[in-house]
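Counting begins at 1 with the first residue of the sequence.
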Amino acid sequence: MSIKENVDYVKTELSSEEKFLENFVKGERFFKKYKTLIFAFVAILLIGIIAFFIKNSLAQSNKIEANIAFNKVLENSNDTQALANLKEKNPQLYDVALFLQAKKDAKSADINVPLLKELSKYQVALANKNISELDNLSMQNDFLLKDFAIFNKALFLTNEGKFNEAKTALALIPQTSKAFELAKLLNHYLLTK
């Protein structure tokens, strides 16, 4: 190597070291200037991560306790302590437990879950053979068992001897419904009446 090449090599090495030192000094100045903000950000980040894991752990613990309480309620529906624990830990599962108890007793329950509330009303209407309540439920467009409510209404009307009203009710059940086969069978019976 020639001396000129060595000098050029040393210059480039020095300039890269100077740039490195310059960047290091700039970084140190930036850190000193914003040190409190950087530490605050890191602390907030750590606290957030810890809080997230604690929240998930508590939610998992509540879920397990609610499931244990629900199993106790299923085994013994008179267990008031398990019901209270279930109401505190998981209100929706508490509503399911109330629904199941009301179903056993053929009573209506005060439930906040809309679907279970409608099913409870449907079961009570069937148990009491309440045609007007079945009619109210069948008028709701989003009711899950709408066609079965219409069929049961027609069945109760048939038992009361109101054959024309039963035929009119059965005509409301669409052919695509799962209850249509039942409606067809009842219609065959009503042809003779």
List the steps, then state whether side-chain contact (heavy atoms from CB on, under 4.5 Å) holds for Glu88 with Asn62. CA-CA 9 Å; Glu88 177 188 329; Asn62 282 344; over 6 Å; no
Looking at every non-hydrogen atom in both residues, tell me the closest pair between [X] and [Y] and how far apart they are.
X	Y	answer
Ala179	Ile173	C-CG2, 4.2 Å
Ala66	Leu93	O-CD2, 3.9 Å
Gln101	Val73	NE2-CG1, 4.2 Å
Ala154	Ala166	O-CB, 3.5 Å
Leu100	Phe70	CD1-CZ, 4.0 Å

In terms of hydrophobic clustering (I, L, V, M, F, W, Y; side-chain heavy atoms under 4.5 Å; direct or indirect links), are [X] and [Y] co-clustered?
X	Y	value
Leu45	Phe53	yes
Phe30	Phe39	yes
Leu185	Phe151	no

Could you check whether any side-chain heavy atom of [X] comes within less than 4.5 Å of a side-chain heavy atom of [Y], counting everything from C-beta outward?
X	Y	answer
Lys63	Asn67	yes
Phe148	Leu182	yes
Leu155	Leu186	yes

To the nearest 0.5 angstrom, please state how far the [atom1] atom of [X] sits from the [atom2] atom of [Y].
X	Y	atom1	atom2	value
Lys184	Gln175	NZ	CD	8.5 Å
Asp147	Asn152	CG	CG	11.0 Å
Asn85	Tyr94	CG	OH	12.0 Å
Asn90	Asp95	CG	CG	9.0 Å
Leu86	Gln92	CG	CD	11.0 Å
Phe163	Leu170	CZ	CG	12.5 Å

In sequence, state the C-alpha distance, the side-chain angles, and the governing distance for Leu37 and Tyr34, and then conclude on side-chain contact (heavy atoms from CB on, under 4.5 Å). CA-CA 5 Å; Leu37 288 177; Tyr34 297 109; 3.8 Å; yes
Note: Lys72-Glu75 ion pair, threshold 4.0 Å (strictly below):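 A salt bridge is absent here (no side-chain N lies under 4.0 Å from a carboxylate O).
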Starting from the C-alpha separation in whole Å, work towards a yes-or-no answer on side-chain contact (heavy atoms from CB on, under 4.5 Å) for Leu157 and Lys153. CA-CA 6 Å; Leu157 289 170; Lys153 174 186 162 188; 4.1 Å; yes
Could you check whether atom CZ of Phe52 has more than 12 heavy atoms from other residues, nucleotides or ligands sitting under 6.0 Å from it?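 Counting neighbours around CZ of Phe52, 12 or fewer heavy atoms of other residues, nucleotides or ligands fall under 6.0 Å, so no.
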